[in-house]
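The structure under discussion appears below in the form of C-alpha cells.
Only a predicted model underlies this, so the values are computations on that prediction, with no experimental measurement involved.
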Amino acid sequence: MRNIGVIIKKQLKDTFKNKTVLIQFVMFPVLALIFEKTIHIPDMPELFFTKLFSVMYMGMAPLTSVAAIISEEKEKNTLRVLMMANVKPWEYLAGIGAYVWMICMAGAGVMSTSLPAKDIPFFLGVMAAGFIISIAAGACIGIFSPNQMVSTSLVMPVMLIFSFAPMLAMFNDKIEKVARIFYTQQIRVLLNNMTFDGIKPESLVIIAVNAMLALVLFFAAFKKKGLE
C-alpha cells in the first residue's frame, strides 16, 4: 500500500508538468459551470450543459489520461526504474488508476455544484462507476502502446466514440441506436433522469457488460504485454 501512495504522490506532482493532462481535468468542469450559468435557451432541458459535459468528461479525461501516463513512462523507461525499485506492476496500475479516479471525482464534484442537493449523491455515484470503466479502457491502450504516438493514435477514435456519441445521439436516431451499446450513452440516460426509477434493466445490463469487457481486455492486455 505504501508503494501505491508513492505512485499517487508522484503522479500528482507530474500533473502540473503535463499541461495536456491538466487541461483535461480542468476544462470540462469549468466549461460546464460557465455554460450552465451563462447560457439560457428557451425550451432547453434543465441542467443540459452539466449533464452533457459530465458524460463527455467521463468518456475523455480518464481514458486519455491513463493511456498517456502509462505510454509516456514506458517510452521514457521510468517504468523500468520503478520495477527495479520493487514496485509491483499491480501497485503501479492501482496507483495510476486511483490517482486518475480521485482527480476525475474532484472534477465531478465541481460539476455537481449546479445540481440540487438531493441529486448530488446519485450523480457522483454514477460518475464514479463510469470513471472506473474509462480508466480500465485507458489502461488497456496504454499497456498495448509502445510509445506516446501509438497511444494517441489508438486512444483518439475510442475517446471520440465514448465522449461524442451520446451528444450526437440526441440529434440522430440512427446514431442513438448505435450509441446505446456504450456505457457513456446509458449513463447519459441515467443522468437525465437522476434516478433509477423507470430505468430499463437493459441500461444497467449494458453498463455492466461494458465494465466486464473493459476489465477482461485489461487483464488480457496485461497478461500479454505486462509493463514492457
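A donor-acceptor contact shorter than 3.5 Å links the side chain of Thr113 to the backbone of Val110. In this structure, Thr184 contributes its side chain and Phe162 its backbone to a donor-acceptor pair below 3.5 Å.
The CE atom of Met60 lies 12.0 Å from the SG atom of Cys104; values are rounded to the nearest 0.5 Å. Once rounded to the nearest 0.5 Å, the distance linking CZ of Arg188 with CE of Met167 reads 11.0 Å. In this structure, Asp119 CG and Asn193 CG are separated by 11.0 Å, a value rounded to the nearest 0.5 Å. We find the OG-CG distance between Ser112 and Leu33 to be 9.0 Å, quoted to the nearest 0.5 Å. Atom CD of residue Gln148 and atom CD1 of residue Ile69 lie 11.0 Å apart, to the nearest 0.5 angstrom. Between the CE atom in Met58 and the CG atom in Leu63 there is a gap of 12.0 Å [rounded to 0.5 Å].
With sequence neighbours left out, Phe218 forms a ring pair (Phe, Tyr, Trp, His ring centres under 6.0 Å) with no residue at all. Remark: Phe48 engages no residue in a ring pair (Phe, Tyr, Trp, His ring centres under 6.0 Å) (not counting sequence neighbours).
Within the 4.5 Å cutoff, the side chain of Phe53 has no heavy atoms near those of the Glu36 side chain. Using a 4.5 Å heavy-atom cutoff, the side chains of Met194 and Lys118 are not in contact. The closest side-chain heavy-atom distance from Met170 to Leu52 is below 4.5 Å. Within the 4.5 Å cutoff, the side chain of Met127 has heavy atoms near those of the Leu191 side chain.
Among pairs with a residue in residues 92-105, none fulfils salt bridge (Lys or Arg N to Asp or Glu O under 4.0 Å), at least two apart in sequence or across chains. Sorted by first then second residue, the salt bridge (Lys or Arg N to Asp or Glu O under 4.0 Å) pairs that include residues 154-177, not counting sequence neighbours, are Glu176-Arg180. Every pair passing ring pair (Phe, Tyr, Trp, His ring centres under 6.0 Å) that includes a residue from residues 100-130 is listed here, sequence neighbours excluded: Phe122-Phe196.
Residues Val216 and Ile133 do not share a hydrophobic cluster, clusters being chains of Ile/Leu/Val/Met/Phe/Trp/Tyr side chains in contact below 4.5 Å. Under a hydrophobic-cluster definition in which Ile, Leu, Val, Met, Phe, Trp and Tyr are linked whenever side-chain heavy atoms come within less than 4.5 Å, directly or via other members, Met105 and Met102 are assigned to the same cluster. Transitive grouping of hydrophobic side chains (ILVMFWY, heavy atoms separated by less than 4.5 Å) brings Val30 and Met27 into a common cluster. By the criterion of side-chain heavy atoms lying less than 4.5 angstrom apart, applied directly or through intervening Ile, Leu, Val, Met, Phe, Trp or Tyr residues, Ile206 is not grouped with Val158; the two fall into different hydrophobic clusters. Cluster annotation: Met212 and Ile207 are assigned to distinct hydrophobic clusters (Ile/Leu/Val/Met/Phe/Trp/Tyr, side-chain heavy-atom contacts under 4.5 Å, transitive).
Residues His40 and Met44 come closest through the heavy atom pair CA-CE, 4.2 Å. Of all heavy-atom pairs between Ala136 and Leu215, the closest is CB-CD2, 4.2 Å. Across all their heavy atoms, Ile181 and Asn210 have their closest contact at O-ND2, 3.1 Å. Heavy-atom minimum distance, Leu47 versus Ser114: CD2-O, 3.3 Å. Closest non-hydrogen pair, Phe131 versus Ala108, comes out as CE1-CB, 4.0 Å. The nearest pair of heavy atoms linking Val155 to Ala67 is CG2-CB, 4.2 Å.
The hydrophobic cluster containing Leu213, built from Ile/Leu/Val/Met/Phe/Trp/Tyr side-chain heavy atoms closer than 4.5 Å, also comprises Leu217.
Checked against the 6.0 Å centroid threshold, Phe28 and Phe35 do not count as a close aromatic pair.
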